[in-house]
Amino acid sequence: MAGTEMPTVYDPGTVEAKWYGYWEKNKFFHTAVEPDREPFCIVMPPPNVTGQLHMGHALDNTLQDILIRWRRMQGFNALWLPGTDHAGIATQAKVEEQLAREGLSRHQLGREKFLERAWAWKEQYGNQITNQLRRLGASCDWDRERFTMDGGCSGAVLEVFLQLYNKGLIYRDYYITNWCPRCQTTISDIEVDHQDRPGHFYYIKYPVKNSGEYIPIATTRPETMLGDVAVAVHPGDARYGHLVGKNILLPVAGREIPVIEDEYVDPEFGTGAVKITPAHDPNDFEVGMRHRLPQVQVINRNAVMTGEAGKYAGLDRWDCRRRLVKELDSLGLLIRVEDHTHAVGHCYRCSTVIEPMLSKQWFVRMKPLAEPAIRVVKDGRLRFVPERFTRVYLNWMENIRDWCISRQLWWGHRIPVWYCGDCGEMTVAKIPPDQCSSCRGKKLEQDPDVLDTWFSSALWPFSTLGWPQKTLDLAYFYPTSVLVTGRDIIFFWVARMIFSGVEFMDDVPFREVLIHGLVLDALGRKMSKSLGNGVDPIDVIESHGADSLRFMLVTGNTPGNDLRFHFERLDGARNFANKIWNASRFVLMNLYDFDSGQDLSRENMTLADRWIYSRFHRVAEVVTRNLENYDMGEAARVLYEFIWNEYCDWYIELAKPRLYGGDSGDRAATQYVLADILRGTLELLHPFMPYITEDIWQRLPVHKGRTIMKAAWPVPEKWSLDQEAEGHMELLMEIIRSVRHIRSEMNVSPGKKAEILIEAPEDGPREMIQKWSGYVETLATGNVLVQPALAGKPDQAAHAAVGGVEIYVPMKGLIDVSQESSRLARELAAVERDLAKVRDKLSNQSFLSKAPAEVVEKERSKETGLSVKQMSIAKRLKMLGN
RNA sequence: GGGUGCAUAGCUCAGUGGGAGAGCACUACCUUGACACGGUAGGGGCCAUAGGUUCAAAUCCUAUUGCACCCACCA
C-alpha cells in the first residue's frame with residue numbers, strides 16, 4: 001500500500017497484467033436486466049474474425065469503453081455487448097489462402113469440408129481480436145459475446161429474409177451487377193470503390209452499312225465493342241438523324257447492329273454517339289432493356305474473353321484491349337487515342353477492377369425501407385454526433401438503390417431458397433423443405449449463394465439481444481443508447497441497422513450515433529496493409545501501455561475529425577501516466593501514519609485546501625458535461641491540466657511544508673485533502689485510463705479490495721465551490737510567478753533565499769497575503785515582509801506590480817540599474833498598449849450602450865487594474881532615475 | 001458534377017463572438033525529501049486571402065485559393 005513500494009518510473013506492463021483478469025473474474029463487466037435501474041447500452045461494432053486489432057478498432061473501442069465505464073460509475077446499468085463478424089469475403093479468402101498452402105482449392109475440397117475448415121479457422125483465430133480488446137481494457141460483457149453466424153444471429157437472418165420476402169421486399173432478378181473477378185463474387189454498389197485512373201479515349205470508326213459513311217464512337221473500353229448490339233444517338237441530333245434506323249457493320253466482329261435513338265445519350269459529350277453493350281455496362285443494360293436489344297456477353301467471370309469474342313476468345317480483358325486496338329488501327333478504323341482520366345470501379349476488398357456482369361441475383365427493394373429510416377432521423381428520434389453526418393446519411397438514403405445481397409461465396413448465411421427441379425418454383429423457408437411448395441416435387445436444390453455479410457450485421461442491435469424472441473433483454477435494453485463507429489461505415493452498416501431496426505423492432509436501434517474519424521499515419525495517409533504504414537496497437541500497448549494509447553487516441557482531436565498518429569503524442573501520454581504515478585507515489589508515501597477514520601473539519605482548511613476543492617468541483621462539472629456532449633478529448637484535456645498544472649504544480653508543492661513542518665493536525669488535514677482529491681481525480685480519470693487509476697485507487701487506505709469501477713462518479717458538494725479562495729490563490733500565484741520571473745531575469749541562483757517586500761494597501765488584500773505569505777516563501781524561495789506602506793523604497797531592488805500590490809526584491813549590489821530600468825520600461829510599454837486598447841473601448845459610446853453590462857464591467861475593472869499597474873511601474877522607473 | 005472537412009507558434013493540433021492556447025521542438029537555469037517520462041523562467045503567431053454583418057470577428061456570413069475526403073451510370 002505504501003508508496004515506497006512503487007517504482008519511480010511507472011511500468012504499465014506489470015500494472016496492466018494485474019487488473020483485467022481481476023475485473024473479468026469478478027464479473028464487474030456483467031450486466032443483467034434490473035427493471036428498477038436505468039439501462040445504458042452499447043453494442044460493439046463486431047470486428048472481423050479474420051482480424052488483427054488495428055488503430056481504428058483501438059480508437060473506436062476506447063471511446064465506447066470511456067462511455068461505458070463513465071455511465072456505469074454514474075449508476076446506470078451499463079451493458080456493452082461484444083461480438084465478432086464472420087466477414088464473408090475476407091474470411092473465405094483467408095481460409096482459401098490456407099488451403100492454397102496445402103496445394104488445395106475450395107472446389108477440390110467441396111462445400112461441406114470447406115465450411116468445416118472455415119469454422120475451424122474461426123475457432124482458432126476468432127478469439128485473437130477479442131483478447132486484444134482485453135489488452136486495451138475494454139470492459140464489455142464477455143458473457144454475452146456473440147457471433148454473426150451463431151445460432152441466434154443466424155435465426156434472426158432467416159426470419160428477416162422470410163419476412164422481407166413475404167412482403168415483396170426481397171426479389172430475384174437477372175440483372176447487371178458488380179463482379180469481382182478475383183473474389184469471384186458479386187458485390188453491392190457501395191462495395192465498389194471508384195478511383196480516378198488515367199486511361200484513354202479511343203475514337204473508332206463504325207462504318208454504316210451500304211454507305212461510305214461511318215459514325216465515330218468514343219470509348220474507354222474498346223474490348224467491349226465485341227459485345228455491342230447497337231449504336232445510340234440523341235433523338236433529333238442533326239449529325240446522325242439520317243442514319244437512325246440504318247445498320248452498322250460492327251468492325252472485327254462483323255455483325256450488323258442498328259442505329260437507335262435514346263435520351264440517355266448526351267449529344268455534347270464525346271462524339272454524341274454511343275456504342276451499346278448491354279452485357280457489360282449498366283447504362284447500356286438499361287438502354288438495351290428499353291429497346292429490347294440482345295445481350296452479348298463477351299467477358300466471362302474470370303475477366304477473360306468468351307467464345308462470343310471470336311478470335312479474341314480466351315484472352316484476358318486487357319490483352320484483348322491492346323490487340324484489338326492494334327487491329328483497328330491496322331484496319332484504318334482507329335481515328336485517334338486521347339488521354340482520358342476517368343473513374344474506374346475497384347473491389348473494396350482486393351482492389352481488382354470490377355467487371356459489370358449479367359447474372360441472377362437477390363436484391364432488397366430499398367425505397368419502402370428507406371422512407372421510415374429517413375423519417376426517424378428527420379424527426380430527431382435518432383441523432384448523429386457530430387450533426388453534419390446527418391446530411392451524409394440522409395443524402396444517401398434519399399438516393400438509395402436496391403441492395404444486391406447475394407454473394408457467390410460459401411462462408412456466410414446461405415440463402416434460404418430452394419428451387420424445384422421439376423417445376424422450377426422457388427420455396428422460401430427457414431427449415432429445409434422436403435417438397436416443392438408448388439408441385440410437391442422432391443427434387444429440391446438450395447440456392448448456392450450466401451448473403452452479404454452486412455445483411456446479418458444490419459440486425460446486430462436486436463439479434464444480439466434475442467430477437468426474434470421477445471426477450472426481457474430486448475424489452476429492457478432496446479433501443480440501445482448510442483452507437484460508436486467510424487465515418488467510413490455509415491452506409492455499410494449504420495444506415496442498414498437503422499432501416500432494419502425501424503422495420504423489425506418498430507423503433508430506432510440506438511438513440512444516438514457517435515461518428516469518429518479515421519486514424520491516419522504521421523503523414524496523414526490512411527493506415528493500410530499495402531502501404532505498410534500501420535501501427536499495431538498491441539506493440540504500442542507493450543511499449544507505452546494501454547492507458548497511454550487510450551489517452552493519446554482520445555486527446556488533441558475534435559469529434560468526427562481524422563486523427564494523425566504521432567509517437568511524440570504517445571510519449572506525452574506516457575509521461576502523463578508517469579506524472580500521475582509519481583504524484584500518487586508521493587501522496588501514498590506520506591499516508592503511512594494517516595488515520596483514515598478521521599474527517600476533515602472545514603474550519604481547519606487552508607486557502608490551498610479550499611482552492612483545490614473548488615478547482616476539483618469545477619473540473620468534475622466540466623468533465624461530466626463534456627462526456628455528456630461526447631467531447632471526450634476536451635474532458636481528457638481538462639483532467640490533464642488539472643492534474644499536472646494545479647494538483648501537482650501547486651497543491652502538492654504547498655502541501656510539502658505543511659506535511660513536514662506543521663503540527664500533527666496540519667499533517668493529518670493535509671493528508672486528508674491530498675488523498676481525497678487524488679481519489680476523486682482518479683475516479684474522473686478512470687474511464688480514460690482504467691489500469692493506472694485502478695492500481696493507485698486500490699492503494700489508497702480505505703479502498704483495499706474494492707474496485708474503482710464501482711466507485712460513484714464524483715458529484716462535488718456545493719460547499720466546495722469557493723470563488724473567494726480561487727481569487728485569493730490566483731493573486732498569490734501571480735505574486736509568486738512575478739518573483740520567480742525576477743529571480744530568473746536577475747540570475748538569482750535557485751537555492752538562494754530572497755528578501756521579498758510586498759507593499760499591500762490596508763484596504764486591499766494585505767491581510768490575506770500576510771496570512772498566506774508562507775506560500776510565497778515556499779514557492780518563490782524567500783522571506784516575505786508584507787507592509788501597508790514601505791517607509792523608504794529600496795532602490796537596489798527589482799520591482800513588480802501585481803493586482804494592486806507592489807513587490808520589491810532587494811538585491812544589494814546585484815542590480816544593474818540600467819538593465820532593471822529597461823526591463824521595467826518594456827513592461828510598462830506592454831501595459832500601456834493594453835491600457836490604450838481598453839480605454840479605446842471604454843470611450844466608445846456604442847460599446848457602452850450596446851455591449852452587455854458584464855462585458856463593460858469587465859473592461860472597467862481591467863482598466864483599473866492596468867492603470868494601477870501602469871502607475872506603479874512608472875513611479876518605480878522615475879525613482880530609478882528615468 | 002454535387003457535398004463535407006481542414007487551413008491558428010518550427011511540427012501536431014485545441015479554441016468558434018468580448019484579454020491568441022496546449023503538447024512536442026527551441027533558449028536559459030535547476031539532480032529542491034513524487035517524478036529529468038521532472039522543475040522554473042523565456043522566445044516564437046497581421047489565427048489562408050478578400051469582402052460583409054456587429055459596439056466587438058481567429059470565432060458568424062459570402063466569395064476565393066490550397067489540401068484532404070465522400071458521393072455521382074456521362075460512354
(request) For B/rU31 versus B/rA9, give the span between their C1' atoms, rounded off to a whole number of Å. (result) 31 Å
(message) Of the options B/rA41, B/rA75, B/rA22, whose atoms approach the side-chain atoms of A/F269 most closely?
(response) B/rA75
(request) Kindly point out which of B/rC30, B/rC73, B/rA20 is positioned nearest to the side chain of A/R401? (result) B/rC73
(message) What's A/P750 touching, base or sugar-phosphate or nothing? Going by heavy atoms closer than 4.0 Å.
(response) sugar-phosphate
(request) Report the nucleotide, chosen from B/rC37, B/rA34, B/rA75, that has the shortest atom-to-atom distance to any side-chain atom of A/F201. (result) B/rA75
(message) Can you tell whether the side chains of A/D281 and A/R221 come within less than 4.0 Å, N to carboxylate O?
(response) no
(request) Round to a whole Å and report the spacing from CG of A/L678 to P of B/rC35. (result) 16 Å
(request) Could you say whether A/N645 or A/T219 is positioned toward the 5' end of RNA chain B, judged by the nucleotide with the nearest heavy atom to each? (result) A/N645
(request) Choose from B/rC71, B/rA22, B/rG5 the nucleotide whose nearest atom is closest to any side-chain atom of A/F491. (result) B/rC71
(message) Base, sugar-phosphate or nothing for A/G556? Non-hydrogen atoms, less than 4.0 Å.
(response) sugar-phosphate
(request) Write down the partner of B/rU4 under the Watson-Crick or G-U wobble criteria, each distance required to be under 3.5 Å. (result) B/rA68
(request) Provide, to the nearest angstrom, the distance between the CG atom belonging to A/L563 and the C1' atom belonging to B/rA14. (result) 13 Å
(message) For A/V192 and A/P267, find the nucleotide of RNA chain B closest to each by heavy atoms; which residue's nucleotide sits nearer the 5' end?
(response) A/V192
(message) Strictly below 4.0 Å: does A/N575 bring a side-chain N or O up to OP1 or OP2 of B/rG38?
(response) yes
(message) With rounding to the closest Å, how many angstrom separate the C1' atoms on B/rA56 and B/rG42?
(response) 32 Å
(message) I'd like to know if A/K656 reaches the base of B/rA34 with its side chain such that a donor and an acceptor end up less than 3.5 angstrom apart.
(response) yes
(message) Taking the C1' atom in each of B/rG5 and B/rA20, what is the distance between them to the nearest angstrom?
(response) 23 Å
(request) Measure the distance from CD1 on A/I257 to P on B/rA75 and round it to the nearest whole Å. (result) 19 Å
(request) When you get a sec, tell me which of B/rC55, B/rG3, B/rG19 is the closest nucleotide to the side chain of A/R391? (result) B/rG3
(message) How many whole angstroms separate atom CD of A/E859 from atom C1' of B/rA56?
(response) 10 Å
(request) Describe the nucleic acid contact of A/R743 in one word from base, sugar-phosphate, nothing, applying a heavy-atom distance below 4.0 Å. (result) nothing
(message) Can you tell me if A/R388 touches the phosphate of B/rU4, counting only side-chain N or O atoms and a distance under 4.0 Å to OP1 or OP2?
(response) no
(message) Please give the distance between the C1' atoms of B/rC71 and B/rG18 as a whole number of Å.
(response) 40 Å
(message) What's the closest nucleotide to the side chain of A/K850 if the choices are B/rC55, B/rU12, B/rC29?
(response) B/rC55
(message) Please tell me whether A/Y348 and A/F492 form a close aromatic pair, meaning their ring centres lie under 6.0 Å apart.
(response) yes
(message) So A/R221, base contact, sugar-phosphate only, or nothing? Heavy-atom distance under 4.0 Å.
(response) nothing
(request) Please state whether the phosphate of B/rA72, meaning OP1 or OP2, lies under 4.0 angstrom from any side-chain nitrogen or oxygen of A/H194. (result) no
(request) Write down the distance between NZ (A/K579) and C1' (B/rC35), rounded to a whole number of angstrom. (result) 6 Å
(request) Taking only Lys NZ, Arg NE, NH1 and NH2, and the carboxylate oxygens of Asp or Glu, determine whether A/E734 and A/R737 approach each other closer than 4.0 Å. (result) no
(message) Let's see if you can work this out: which of B/rC73, B/rA22, B/rG39 has an atom nearest to the side-chain heavy atoms of A/Y264?
(response) B/rC73
(message) Does A/N844 reach a base, just sugar-phosphate, or nothing at all? Heavy atoms under 4.0 Å.
(response) sugar-phosphate
(message) Between the base of B/rA34 and the side chain of A/E653, is one N or O donor paired with an acceptor at under 3.5 angstrom?
(response) yes
(message) Using Watson-Crick or G-U wobble geometry with both distances under 3.5 Å, which nucleotide pairs with B/rA50?
(response) B/rU62
(request) May I ask which nucleotide in the shown strands pairs with B/rG44, Watson-Crick or G-U wobble, both distances under 3.5 Å? (result) none
(message) Salt bridge or not between A/E863 and A/R860? Use side-chain N to carboxylate O under 4.0 Å.
(response) no
(request) When you get a sec, tell me which of B/rC30, B/rC74, B/rG33 is the closest nucleotide to the side chain of A/Y660? (result) B/rG33
(request) State, with a plain yes or no, whether a side-chain heavy atom of A/R585 is found less than 4.5 Å away from one of A/Y10. (result) no
(request) Answer yes or no: does a side-chain N or O of A/R574 lie under 4.0 Å from OP1 or OP2 of B/rC37? (result) no
(message) It should be established whether A/W644 places a side-chain nitrogen or oxygen under 4.0 Å from OP1 or OP2 of nucleotide B/rG39.
(response) yes
(message) For B/rA14 and A/T558 - does any side-chain N or O of the residue sit under 4.0 Å from the phosphate oxygens OP1/OP2?
(response) yes
(request) Using the P atoms only, state how far B/rG23 lies from B/rA34, rounded to an integer number of Å. (result) 23 Å
(message) Looking at A/K275 and A/D284, is there a salt bridge between them, counting it only when a charged N and a carboxylate O are closer than 4.0 Å?
(response) no
(message) Centroid distance below 5.5 Å plus an interplanar angle below 30 degrees: do A/F847 and B/rA56 meet both conditions?
(response) no
(message) Keeping A/N533 on the side-chain end and A/S528 on the backbone end, is there a donor-acceptor pair under 3.5 Å?
(response) yes
(message) By the 4.0 Å heavy-atom rule, please label A/K862 as base, sugar-phosphate, or nothing.
(response) base
(request) Calculate the interatomic distance between A/D649 atom CG and B/rC35 atom C1'; express it in whole Å. (result) 11 Å
(message) Using the side-chain heavy atoms of A/R564, tell me which of these nucleotides is nearest: B/rA14, B/rU12, B/rA34.
(response) B/rU12
(request) For side chain to side chain donor-acceptor pair (under 3.5 Å), just list the numbers for A/D571 and A/H566, CA-CA rounded to whole Å, side-chain angles, deciding distance to a tenth of an Å, and then say yes or no. (result) CA-CA 9 Å; A/D571 290 341; A/H566 282 277; over 6 Å; no
(request) For A/P356, report the nucleic acid contact type (base, sugar-phosphate, nothing); a contact means any heavy atom under 4.0 Å. (result) nothing
(message) Counting only Watson-Crick pairs (N1-N3 plus N6-O4 or O6-N4) and G-U wobbles (N1-O2, O6-N3), all under 3.5 Å, who is the partner of B/rA22?
(response) B/rU12
(message) Measure CG/A/N561 against P/B/rC6 and give the value in whole Å, please.
(response) 6 Å
(request) Could you work out the separation of B/rA22 and B/rA72 based on their P atoms and round it to a whole Å? (result) 44 Å
(message) For A/W650, does the six-membered ring have the charged nitrogen or CZ of A/R740 within the cation-pi criterion, i.e. under 6.0 angstrom from the centroid and within 45° of the normal?
(response) yes
(message) If you only use heavy atoms from C-beta on, which nucleotide in B/rC55, B/rC35, B/rC69 is closest to the side chain of A/A851?
(response) B/rC55
(request) Using the P atom on both, measure B/rA28 against B/rG21 and round to a whole Å. (result) 25 Å
(message) Roughly how many Å apart are B/rU49 and B/rA58, using the P atom of each and rounding to a whole number?
(response) 11 Å
(message) Regarding A/E827 and A/R823, does a basic nitrogen lie under 4.0 Å from an acidic carboxylate oxygen?
(response) yes
(request) Starting at atom CG of A/D562, determine the distance to atom C1' of B/rC6, rounded to an integer number of angstrom. (result) 10 Å
